[in-house]
Engineer: 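This is the structure, below, for whatever I ask next.
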Amino acid sequence: MKPEFWEDELLGVVPRDARLLFIATFNMADDEGILRWTPAYIKAQAFMYDDDLTIGDVGKLMQCLTDTGLVFPFIGGSARQQMAVVVNFRKHQRINRPQKSKLPPPSTGAWQVREMYARRDGWMCQLCGGEIPRRLVANDDHNLWVDHIRPVAAGGTDHPSNVRAVHQVCARSRQDCHDGEEFIPPAGLAGIEDSLNDSLNRSVNDSVNEPHANVNPEPFMDTDGEISSLNHSLTEGKGREQGREGKGTPPTPRQSSASPTVSQTGERAIEDRMTDAFLERYARGNAYNKRQVRKVIAETLANGTTSSELWQALERLGFLSKPVSAGTLQFAFSELRQTQNPSNVIALASGQPLPGTDTNLAGWGAVAASLADYDTATEDSA
């Protein structure tokens, strides 16, 4: 493992056993980063000597890794097996003699899979090197697509090592290239900056009080039934929040956010309105589960967090395409707190009296200074 593993802030919010499980996935996965992903199998492979961990406990640890986007679960193959991809497997592991995978890959026809590869590739087109809009834009040429390094027609597969995130227009242009011909960014990339700005502005400026009747509350399923939601629970709906060892809802920054908040008006509860507002902004291109998002929002509000503070943290997660859970909210609140309180030193205005203990310290300091002056004067006179 790289030394940077222990400094990773995303891994820092998951339980220690989940970090150990993440390391274990590199041994259990094949050379494509694919592994079987059932609690019973993981328990037998990674925690065979740990009698204190039940299969249910292992399932919660697995959910931690899927919630943070480190592992991508899917249903694959004709047998409809529960599988998973270690998203950044090739970034962490150098394969000297890669072996062909015997496990089925996730279908690239599912938008969750394309989004997973975009996150893996940093939302950068692997053909032209330009940025890919995180939300769909009017110009389809600039939207996200996936390209097969070795074309499917030439025997290429959907396995992760053969798939890369690209612009749609770059994918089409590459198909027109002859073998060995250098790829030239197509003319269709003109105006990409406007598309990127449009994607960002709509994420930031959309009103949270607009109607949200078209939000799909259920996880997306691919037409061939081979892909499950990114947040699909493998432990009978027991999400990460129930496996946080009693840590509760994360603390929040003290200062109020200037971002627009969802006020409690009308007949609908505030958590319902915030959930719909969040999904309206960020659901497209991300595998958010409405029930899970609402649960986290309700628990955070019940803990005393203001809607303005919570919305600012949710915007941070949505903009970064991170899942919504108690752990990722804690990470977002921590970032916001560092931004809002860059220093714990408060400058006092000139002439402002010091309060409380500071007054006593200042008084004793003045006494010490006067005694030092008295000693100096005595020595001079002597």
Side-chain angles (χ1 to χ4, degrees), residues 1-2 5 21-46 48 62 65-66 69-122 124-127 144-166 170-172 174-183 221-230 232 234 287:
M1 299 301 299
K2 298 178 181 178
F5 174 89
L21 173 57
F22 185 56
I23 296 175
T25 60
F26 291 98
N27 294 132
M28 292 184 285
D30 63 13
D31 289 346
E32 291 286 349
I34 302 177
L35 69 157
R36 293 176 57 191
W37 195 244
T38 63
Y41 176 80
I42 298 299
K43 161 67 177 172
Q45 293 292 317
M48 63 180 73
M62 296 165 62
L65 300 184
T66 61
L70 297 169
V71 174
F72 181 85
F74 66 97
I75 306 300
S78 58
R80 297 185 57 78
Q81 302 177 72
Q82 292 180 348
M83 316 292 294
V85 175
V86 182
V87 177
N88 288 315
F89 182 78
R90 287 295 180 98
K91 292 182 181 179
H92 295 288
Q93 299 293 306
R94 179 177 298 176
I95 311 299
N96 293 327
R97 299 177 181 177
Q99 302 294 317
K100 185 177 179 180
S101 177
K102 298 180 181 179
L103 299 176
S107 170
T108 57
W111 63 266
Q112 295 103 323
V113 177
R114 297 195 292 269
E115 189 268 345
M116 180 266 292
Y117 286 126
R119 287 190 292 109
R120 182 199 67 180
D121 294 337
M124 301 296 291
C125 176
Q126 301 301 295
L127 287 173
L144 169 67
W145 198 248
V146 292
D147 175 63
H148 292 81
I149 299 174
R150 183 180 183 185
V152 176
T157 68
D158 284 345
H159 283 92
S161 65
N162 193 50
V163 176
R164 54 191 174 186
V166 296
C170 292
R172 293 196 301 269
R174 194 243 175 178
Q175 293 176 357
D176 297 334
C177 291
H178 299 290
D179 293 339
E181 184 178 351
E182 181 181 1
F183 177 81
M221 294 295 292
D222 191 22
T223 53
D224 59 8
E226 291 188 357
I227 181 71
S228 66
S229 168
L230 174 64
H232 171 67
L234 302 177

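Index from 1, following the sequence.
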Engineer: So does Q99 get a backbone contact from the side chain of D31, meaning a donor-acceptor N/O pair under 3.5 Å?
Structural biologist: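 Judged by distance alone, yes, a pair lies under 3.5 Å.
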Engineer: For A171 and W145, which heavy atoms make the closest approach, and how far apart are they?
Structural biologist: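 Distance-wise, the nearest heavy atoms are CB-CD1, 3.8 Å.
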Engineer: Given the rule in the side chain to side chain contact (heavy atoms under 4.5 Å, CB included) test, do H148 and D158 qualify, once you have shown the distances and angles that lead to the verdict?
Structural biologist: CA-CA 7 Å; H148 292 81; D158 284 345; 2.5 Å; yes
Engineer: Are the side chains of M116 and P160 in contact, using a 4.5 Å heavy-atom criterion?
Structural biologist: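 Side-chain contact under 4.5 Å: no.
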Engineer: Report the distance from atom CZ of R120 to atom CD of Q126, rounding to the nearest 0.5 Å.
Structural biologist: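 Answer for the CZ-CD pair, R120 versus Q126, is 7.5 Å.
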Engineer: Tell me the closest heavy-atom pair linking R90 and P98, and the distance in Å.
Structural biologist: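 Closest approach of R90 to P98: NH2-CB, 4.2 Å.
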Engineer: The test is side chain to side chain contact (heavy atoms under 4.5 Å, CB included); show your working for L103 and E32 and say whether it passes.
Structural biologist: CA-CA 9 Å; L103 299 176; E32 291 286 349; over 6 Å; no
Engineer: Quick check: closest heavy atoms across V113 and S107, and the distance to 0.1 Å?
Structural biologist: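 V113 and S107 have their closest heavy atoms at CG2-O, 3.2 Å.
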Engineer: Please walk me through it: do H159 and V85 pass side chain to side chain contact (heavy atoms under 4.5 Å, CB included)?
Structural biologist: CA-CA 10 Å; H159 283 92; V85 175; over 6 Å; no
Engineer: For the residue pair T25 and W37, establish whether any side-chain heavy-atom pair is separated by less than 4.5 Å.
Structural biologist: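 Of all side-chain heavy-atom pairs linking W37 with T25, at least one is under 4.5 Å.
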Engineer: Rounded to the nearest 0.5 Å, what separation is found between the CG atom of L127 and the CG atom of D147?
Structural biologist: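 Rounded to the nearest 0.5 Å, the CG-CG separation comes to 5.0 Å.
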Engineer: Rounded to the nearest 0.5 Å, how far does OH of Y41 lie from CG of L35?
Structural biologist: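 Interatomic distance, L35 CG to Y41 OH, rounded to 0.5 Å: 7.0 Å.
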Engineer: So, for V166 and C125, which heavy atoms are closest and what is the spacing to 0.1 Å?
Structural biologist: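 So the minimum-distance heavy-atom pair works out to CA-SG, 3.6 Å.
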Engineer: Measure the OG1-CE distance between T38 and M62 for me, rounded to the nearest 0.5 Å.
Structural biologist: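 The OG1 atom of T38 sits 6.5 Å away from the CE atom of M62.
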Engineer: What heavy-atom pair brings F22 and V86 nearest, and what distance separates the two atoms?
Structural biologist: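 F22 and V86 have their closest heavy atoms at CE1-CG1, 4.1 Å.
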Engineer: For the atom pair CZ (R119) and CZ (R114), what is the distance rounded to the nearest 0.5 Å?
Structural biologist: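 The CZ atom of R119 sits 14.0 Å away from the CZ atom of R114.
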Engineer: If I take atom CZ from residue F5 and atom CD1 from residue I23, how far apart are they, to the nearest 0.5 angstrom?
Structural biologist: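 Going from the CZ atom of F5 to the CD1 atom of I23 covers 4.0 Å.
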Engineer: Heavy-atom distance under 4.5 Å between the side chains of N27 and Q93, does that happen here?
Structural biologist: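 The answer is no; the side chains never approach within 4.5 Å.
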Engineer: Using every non-hydrogen atom in the two residues, find where M83 and G76 come nearest and quote the distance to one decimal.
Structural biologist: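 Scanning both residues, the minimum pair turns out to be CG-N, 4.3 Å.
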Engineer: Specify whether F72 and F74 have parallel, tilted or perpendicular ring planes, treating 30° as the upper limit for parallel and 60° as the lower limit for perpendicular.
Structural biologist: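 F72 vs F74 ring planes: parallel.
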Engineer: Just checking, is any N or O donor in the side chain of N162 or T157 under 3.5 Å from an acceptor N or O on the other one?
Structural biologist: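 The answer is no; no qualifying pair exists.
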Engineer: Can you confirm whether I149 sits close enough to R164 that some side-chain heavy atom of one is under 4.5 Å from a side-chain heavy atom of the other?
Structural biologist: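 Yes - at least one pair of side-chain heavy atoms lies under 4.5 Å apart.
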